[in-house]
There are 2 protein chains.
Amino acid sequence: MTATLADVAARAQVSPATVSRVLNGNYPVAAATRERVLRAVDELDYVLNGPASSLAAATSDLVGILVNDIADPFFGIMAGAAQAAIGEERGAREKLSVICNTGGSPERELTYLTLLQRQRAAAVIVTGGALEDSAHQAAVGAKLARLADAGTRIVLCGRPPVPGDSVTATLAFDNRGGGRRLTEHLIGLGHRRIGYVAGPTERTTTRHRLEGHRAALEAAGLARTLDARVVHGSYDRRSGYDAALELLRQEPELTALVAANDTVALGACAALRDRGLSVPGDVSVAGFVDLPFSADAVPALTTVRLPLYEAGARAGRLALGLEPAPPGGIATVHGELMVRASTAPPRTL
Amino acid sequence: MTATLADVAARAQVSPATVSRVLNGNYPVAAATRERVLRAVDELDYVLNGPASSLAAATSDLVGILVNDIADPFFGIMAGAAQAAIGEERGAREKLSVICNTGGSPERELTYLTLLQRQRAAAVIVTGGALEDSAHQAAVGAKLARLADAGTRIVLCGRPPVPGDSVTATLAFDNRGGGRRLTEHLIGLGHRRIGYVAGPTERTTTRHRLEGHRAALEAAGLARTLDARVVHGSYDRRSGYDAALELLRQEPELTALVAANDTVALGACAALRDRGLSVPGDVSVAGFVDLPFSADAVPALTTVRLPLYEAGARAGRLALGLEPAPPGGIATVHGELMVRASTAPPRTL
DNA sequence: TTGAAAGCGATACCAG
DNA sequence: CTGGTATCGCTTTCAA
């Protein structure tokens with residue numbers, strides 16, 4: 001039914017070995033021969049058998065990109081950028097880079113890693129915050145180690161470094177620094193009662209951003225009880241809405257809010273508006289991570305913009321080994337503070 | 001280095017054939033033997049070699065999901081839903097479903113299809129509008145046909161049906177109907193000068209939505225020149241912004257606007273605001289396709305909400321053959337008109 | 001219920 | 001520069 005390499009060889013009157021060499025282009029072949037082979041390939045419209053090739057070569061051209069939530073553009077941008085960067089690499093063996101959506105579930109994360117291990121993936125890029133659960137982290141660490149010594153390159157993007165030498169490169173986002181700068185910005189304007197809408201409790205991203213927030217408060221002598229004015233929720237709009245209401249209930253005199261990401265910030269803004277408070281007139285809102293639509297959606301938002309596209313593209317290149325790993329294997333990616341509003345001092349209540 | 005099936009067999013003191021049967025679970029094996037094998041698998045932490053398995057079985061467990069722009073939640077939702085549905089299918093041979101981002105490029109679309117063909121993918125789901133270019137459509141059609149007769153199941157989701165019997169199932173979005181209903185809604189309120197911010201010219205989605213719009217205008221006796229009050233652009237915010245300004249320039253007396261999708265609608269709203277026009281006070285805006293954030297971002301927006309998650313999940317099940325194909329292989333997915341604002345008659349200029 | 005052995009289709013080493 | 005061929009790890013008849 002489907003043409004095989006042998007068929008092509010027969011048609012071009014050469015040996016299978018030669019056809020393979022022409023196709024892989026990594027070996028000298030006479031121009032005339034190559035021509036004949038390529039013509040035969042075309043005439044039979046032969047397509048390489050990936051599994052057979054991978055089996056023989058003991059490596060595949062699959063690159064897996066794991067994301068927590070593909071419906072969130074935060075991940076869409078990173079993953080898309082990585083895939084684009086990998087797709088650039090034309091020539092020789094074209095890589096098939098694919099996105100795997102774990103939905104934030106630890107089991108699915110492991111399942112996908114196993115599935116990729118099965119395919120003998122050439123590389124794996126893991127994006128986004130990790131679950132703060134030592135058992136799961138150990139399991140993932142072990143999986144990555146196995147993948148690594150089966151020859152798979154591992155790149156972490158927007159995820160904290162893991163101990164061990166299995167990871168090829170890590171692009172860590174400066175979540176602490178970002179959280180700190182957002183809060184410092186608000187403090188600098190004179191805000192003293194600042195609420196914090198945090199992400200899900202058991203995620204590294206959540207904790208790091210929150211730590212930055214606390215550090216800024218402490219530096220300004222504003223820290224109170226550890227969990228005062230902090231409400232956790234998931235990274236969705238509804239959660240931001242509810243959290244803002246809860247914060248307002250706890251402390252009606254709030255003059256500013258920091259949100260763990262834009263989606264949550266949008267929800268918080270909606271809640272404030274529904275309470276008759278204007279943003280940023282009455283309450284300033286600052287958010288983490290700038291997505292393309294945020295600017296229009298809430299012109300009043302001040303954010304820390306992480307270079308998601310650039311980071312994703314770089315992760316893609318690192319996965320392919322097109323770019324040298326940073327010294328120590330770890331690079332920290334910093335976000336840029338984007339002040340769009342909230343430059344006025346807080347209202348006096 | 002890595003354990004093979006033979007190693008497991010040796011350790012469990014059975015033949016490779018038996019191990020294979022245990023692993024695939026599709027053949028009777030004595031309980032005691034099975035136990036021993038599974039223990040050996042565990043002890044060696046053996047992971048099946050995908051390529052070898054695919055080669056021998058002549059089928060793989062890869063399912064590809066093609067999307068036009070993964071940074072757009074429209075696709076993220078559909079793809080995520082499909083992947084979730086496929087992930088559900090636990091047991092026997094776990095499928096590895098992966099998302100491929102074409103970025104709207106016809107070449108990359110074909111490249112991905114070839115790559116999936118190489119892997120002997122079990123199924124392919126193609127989402128989103130197609131390019132209106134007969135050469136490219138023919139090429140894609142041919143590719144799909146080849147895939148199909150190599151045993152790959154093909155499912156189209158949110159893409160118009162293609163002729164031929166290579167496609168297993170098609171979930172076509174009712175873009176014409178949606179465009180028509182949005183426009184009818186505005187006409188019903190009394191609007192007479194309605195602008196249309198269209199998507200990229202050469203896409204089926206764009207054309208179909210626009211046809212619905214025109215049909216509504218004609219039915220109301222409002223149609224003028226074919227291209228009057230229509231501006232094309234890409235599906236991004238910037239494009240919506242520019243298009244709105246252009247429409248306003250062409251006709252300052254516009255009282256309503258229909259946008260090809262929410263992202264574009266957001267841009268259009270921003271443009272209107274920057275021109276000192278309130279939405280929906282001065283100009284009503286209606287948009288296509290409801291994304292989660294739109295509601296907050298622009299409470300003034302009236303949209304047609306497509307059941308993206310449901311459609312994606314169904315596509316996933318169809319790809320796996322877990323759900324019977326609709327009669328004729330084609331099902332039309334209708335959107336729901338969500339009226340959130342714009343219920344007031346137009347301003348009098 | 002289990003084992004033996006013949007492929008699956010490409011790669012890469014060894015000759016020539 | 002090109003050809004022959006052992007090999008990769010698993011699946012699947014065919015027998016026992």
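All chains are named by letter (A, B, ...) in the order of the sequence lines, taking the proteins before the strands, and each is independently numbered beginning at 1.
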Applying a 4.0 Å non-hydrogen cut-off, can you work out what [X] is touching in the nucleic acid: base, sugar-phosphate, or nothing?
X: B:A30; answer: sugar-phosphate
X: A:S54; answer: nothing
X: A:V19; answer: nothing

### Task
Answer with yes or no whether B:R21 presents, from its side chain, a donor or acceptor under 3.5 Å of a partner atom in the base of C:dG3.
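Such a pair is found, so the answer is yes.
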Without decimals, in angstroms, what is the distance between [X] [atom1] and [N] [atom2]?
X: B:N24; N: D:dT12; atom1: CG; atom2: P; answer: 7 Å
X: B:L23; N: D:dG9; atom1: CG; atom2: P; answer: 16 Å
X: B:Y46; N: D:dC10; atom1: OH; atom2: P; answer: 3 Å
X: B:D7; N: D:dC10; atom1: CG; atom2: P; answer: 8 Å
X: A:R120; N: D:dG9; atom1: CZ; atom2: C1'; answer: 9 Å
X: B:L5; N: D:dT12; atom1: CG; atom2: C1'; answer: 13 Å

### Message
Measuring from the side chain of A:A17 (C-beta onward, heavy atoms only), which nucleotide among D:dG9, D:dG4, C:dA10 has the closest atom?
### Response
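In terms of side-chain proximity for A:A17, the closest of D:dG9, D:dG4, C:dA10 is D:dG4.
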### Query
Quick check: does any side chain N or O of A:T168 sit under 3.5 Å from a backbone N or O of A:R153, one acting as donor and the other as acceptor?
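Not at all, since once roles are kept as given, no pair shorter than 3.5 Å links the two residues.
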Counting just side-chain N and O atoms, does [X] come under 4.0 Å of either OP1 or OP2 of [N]?
X: B:T4; N: D:dG9; result: no
X: B:S53; N: D:dC10; result: no
X: A:N49; N: C:dC8; result: no
X: B:S20; N: D:dT12; result: no

### Task
Map B:S15 and A:T2 onto DNA chain C by nearest heavy atom, then report which one ends up closer to the 5' terminus.
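By nearest-heavy-atom nucleotide position, the 5'-most residue is B:S15.
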### Query
5'-most contact on DNA chain C: B:A57 or B:Q13, nearest heavy atom basis?
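Its nearest nucleotide being more 5', the pick is B:Q13.
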### Query
Which comes earlier along DNA chain D counting from the 5' end, the contact point of A:T18 or that of B:L55, where each point is its nearest nucleotide?
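Nearest-nucleotide comparison on DNA chain D picks A:T18.
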### Residues A:R11 and A:E43 bridged, charged N to O under 4.0 Å
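A:E43 and A:R11: salt-bridged.
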